[in-house]
Amino acid sequence: MPAPSKSTVTSTVKPDNRAFSPELSRRNFLQRIFRRETLIGWLFVLPALLMYVVFVLVPFMLTIRYSFFKWNGVSPAIWVGLNNYVNIFQVPNLIGTIKNAFWLIVWFSFIPVGLGLVVASVIHRVATGRFGSVSRTILFLPQVIPLVAAGIIWGWLLALPGLINQILKAVGLGALTRAWLGDFGTALPAVGVVGIWVLLGFCIVLLQTGMSKIDPALYESARIDGAGWFSEFVGITVPLLRNEIGVCLTVTVVAALAAFDIIWVTTAGGPGSSTSVPGIQIYILAFTQRAIGPASALAVMLMILVVVIVLPLQWLSRESAQ
Amino acid sequence: MRVVRGEFWAGRVLLVVLMAFTVLPFISIFMTALHPSGTVPGGLEWPANPQWINFVTAFNMAEMPKLLESSMFIVLLVVPATLVIATMAGFAIGLLRIPGSRVLFLLFVFGLTLPFAGIIIPIYFIERWMGIYNTRFAIALPLIALYMPFSVFWMRAHFINMPSELSEAARVDGATTWDLFWYIHVPLARAPVASLGILTSIWTWNQFLLCLVLVEDPTQRTMAGGLGAFQGHYANNVPLLCAGTILILLPTLIVFILFQRQIIAALLQGSLKG
């Protein structure tokens, strides 16, 4: 990449011209402009930086600070050191939210990405023309509606008289019917299904777009060598889609760890705390129980968790892009 | 490429099943919405006597006109502000490459995957202190800030690929930095700015957590926030809840169908770059 314009201009000044005063003054002029440039450049960044500092960086620091105190938001805060963090590991309800978050990764991330890969590889050659574009639009639909709406819709589908139980009865599995979101054993998988509904279409469309960029000649020659669908899938599709798979995993893992909307409107963390995730627990602790310290400690844990899990994924997809 | 016949049909069937899985929930709530208010119908039953009046009732109960106005106000505040300041910052970091631009860039990237729930508590206290709690600005201002990491990242990716000859030529003609930005680079950045506009509009319209925490009055929220409040009140009246949900989804669905290609492209690109 060429250097910024100013230095390009100065570098074209020949050494023997330096003795002449017009050139000298021109250089000073350029240096002056360059300093002015820096100032103006920073002015361009200033509004964005200001907003970012006030509403993201300062709150980020404050979250860390709050996490070392016992505070109800009104009376004076009391320093408690690392107690709030120790607490997270000792209280089953709190450490449980982190366990649930990991379970959600299976539902929100592994299943949509895994299933999405298989489905995309099967359909990417048949989803062409008008049929293909209609299918893209429909599969993408859950991605543009509010997650709250997805939660409400599925809250009704998974209810006792809802569609899911109706289908089960129709196919003779009436014994399985239950209030899926109200049962300790099935609430978390039921919430997971909502996540699949929201994220599967997105993964399919993204992966399918990636597959359409793979050179068909690769598949042709694999076929000539007698490769079946599976060896094509493992040998060509997956390795060449590393970047897209990395992106899908990143998006869905973040969606799982930061899940709030869907769970809030379907179960609000219940029954008991069987679907409680960090986001829900932070909200309950901070805004209904006024326990700012523990809530902030959990928030810090959540942010660390996201970075620790997402960073390797990013690195993986960057690596392959180069 | 030649597609084997069996494979062709297997693919089509799979696709149709998936589309049914995606669409059935919408059909289910639509049918439910037409049942008499207060009853508990089955999941997929066409009512004997469709109650279209439920949509009118839900429209009034959810205070739709106010909700629409509030959502529009917040989107019209957040999206243009985000586009302007992110384009300026992306220009300075990606094209002018001011001293410190690398550090600035890393600073913004740091926020890319930050969960909103992680910093919502201090935002609440800061807004109380600023006196904007429970106003539309309580949602709008933090949203602009929370979009900065992605938006700056997005615009920088555009500006960093702009040929420097363009800027040099303009400089020789005596253009100031502002001229360079406004007359040359902003018109060239129309496509990425448009995509960013689509993305931030959808995210703003669908925002829920900030609404829940920062605004108590549902009519000062965005659509998703209003829907959350509506659900709180009518959780036991399934037909009305479904009617309200459909009404709140309607603007999104219309816009999505009209601009489906642009929206899908923007969302895909957005996730690929972010």
Side-chain angles (χ1 to χ4, degrees), chain A residues 2 4-5 38 40-42 44-45 47-48 51-52 55-56 59-60 62-63 119 122-123 125-127 135-146 148-149 152-153 156-157 161-163 166 201 206 209 216 247 251 254 258 260-261 265 279 282 286-287 292 295-296 299 302-303 306 310, chain B residues 1 3 8 11-12 14-15 19 22-23 25 28-29 40 42-44 85-86 88-89 91-92 96-99 104 111 113 115 117-119 121-123 141-142 144-146 148 152 164 167-168 171 177 202 206 208-209 213 224 227-228 231 238 245 249 252 256 260 263-264 267-268 271-272:
Chain A
S5 51
T38 307
I40 292 171
W42 272 87
F44 271 83
V45 186
M51 288 300 286
Y52 185 57
F55 286 104
V56 177
F60 173 74
L62 282 176
T63 302
V119 172
V122 174
I123 66 175
R125 268 167 289 168
V126 300
S135 72
R136 270 164 72 99
T137 305
I138 289 179
L139 292 179
F140 225 82
L141 203 52
Q143 189 66 30
V144 291
I145 67 168
V148 182
I152 291 177
I153 294 171
W156 165 232
L157 294 176
L163 181 62
Q166 217 179 2
L206 189 98
T209 313
V247 169
V251 170
V254 171
F260 181 85
D261 305 12
V265 295
I282 290 167
F287 299 109
I292 307 299
S296 301
L302 172 64
M303 293 190 281
V306 170
V310 165
Chain B
M1 159 160 202
V3 180
F8 181 81
R12 288 242 153 153
L14 186 60
L15 203 49
M19 288 200 278
T22 310
V23 172
S28 175
I29 61 160
V40 181
L44 207 60
I85 68 177
M88 285 169 62
F91 173 75
L96 297 179
R97 293 183 213 172
I98 52 171
L104 274 173
T113 56
I119 55 171
I121 301 168
I123 290 180
L141 296 182
I144 297 172
L146 284 160
M148 277 309 115
V152 171
S164 58
S167 318
E168 278 161 30
R171 289 291 192 191
T177 309
I202 296 176
N206 295 347
F208 180 61
L209 178 62
V213 173
L227 182 57
Q231 189 226 17
V238 179
T245 307
L249 284 180
T252 313
F256 178 59
Q260 42 174 306
I263 292 175
I264 293 177
L267 277 164
L268 288 180
S271 56
L272 275 175

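Just so it is clear: chains get the letters A, B, ... in the order the sequence lines come, proteins before strands, and each one is counted from 1. Note that the structure is predicted; figures quoted are calculated from it, not measured.
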Given that the side chain runs from C-beta out, which part of [X] has a heavy atom under 4.5 Å from chain B: side chain, backbone, both or neither?
X: F60(A); answer: both
X: L206(A); answer: both
X: V265(A); answer: both
X: L157(A); answer: side chain
X: V310(A); answer: side chain
X: V144(A); answer: both
X: W156(A); answer: side chain
X: I153(A); answer: both
X: V119(A); answer: both
X: Y52(A); answer: both

Mind checking whether [X] and [Y] have side chains closer than 4.5 Å, heavy atoms only?
X: F55(A); Y: L146(B); value: no
X: M51(A); Y: L141(B); value: yes
X: T63(A); Y: I121(B); value: no
X: I119(B); Y: L62(A); value: no
X: L268(B); Y: F140(A); value: yes

Considering non-hydrogen atoms only, spot the tightest contact between [X] and [Y] and give its length.
X: V40(B); Y: P161(A); value: CG1-CG, 3.4 Å
X: M303(A); Y: G118(B); value: CE-O, 3.6 Å
X: A89(B); Y: A48(A); value: CB-CB, 3.7 Å

| request: For Q260(B), check side-chain hydrogen bond (donor to acceptor under 3.5 Å, both in side chains) against everything at least two apart and list the hits. | output: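 Once residues adjacent in sequence are excluded, the partners of Q260(B) under the side-chain hydrogen bond (donor to acceptor under 3.5 Å, both in side chains) criterion are T137(A).
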| query | For T22(B), which residues count as a side-chain hydrogen bond (donor to acceptor under 3.5 Å, both in side chains) partner, sequence neighbours excluded? | reply |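 side-chain hydrogen bond (donor to acceptor under 3.5 Å, both in side chains) list for T22(B), sorted by chain: empty.
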| query | Which one, A299(A), P146(A), A149(A), leads in non-hydrogen pairs under 4.5 Å with chain B? | reply |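 Of the options given, most contacts go to P146(A).
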| field | Closest-packed option against chain B by number of heavy-atom pairs under 4.5 Å, given I152(A), V254(A), V251(A), V306(A) | value |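 If we count pairs closer than 4.5 Å to chain B, I152(A) comes out on top.
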Between [options], the one whose heavy-atom pairs under 4.5 Å with chain A are most numerous:
options: T177(B), I144(B), I263(B), V152(B); answer: T177(B)
options: A86(B), G111(B), A224(B), P142(B); answer: P142(B)
options: G228(B), P25(B), G11(B), S28(B); answer: P25(B)

In Å, rounded to the nearest 0.5 Å, how long is the span from [atom1] of [X] to [atom2] of [Y]?
X: I98(B); Y: T38(A); atom1: CD1; atom2: OG1; result: 8.0 Å
X: N206(B); Y: Q143(A); atom1: CG; atom2: CD; result: 9.5 Å
X: I145(A); Y: I202(B); atom1: CD1; atom2: CD1; result: 12.0 Å
X: L209(B); Y: I282(A); atom1: CG; atom2: CD1; result: 9.0 Å

Under a 4.5 Å heavy-atom cut-off, does chain A meet the side chain of [X], its backbone, both or neither?
X: T113(B); result: both
X: F208(B); result: both
X: L249(B); result: side chain
X: M148(B); result: side chain

| message | Classify the ring geometry of F44(A) against F91(B): parallel below 30°, tilted from 30° to 60°, perpendicular beyond 60°. | response |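 If you compare the ring of F44(A) with that of F91(B), the planes turn out tilted.
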| field | Candidate pair I264(B) and R136(A), rule side-chain contact (heavy atoms from CB on, under 4.5 Å), full reasoning | value | CA-CA 8 Å; I264(B) 293 177; R136(A) 270 164 72 99; 3.7 Å; yes
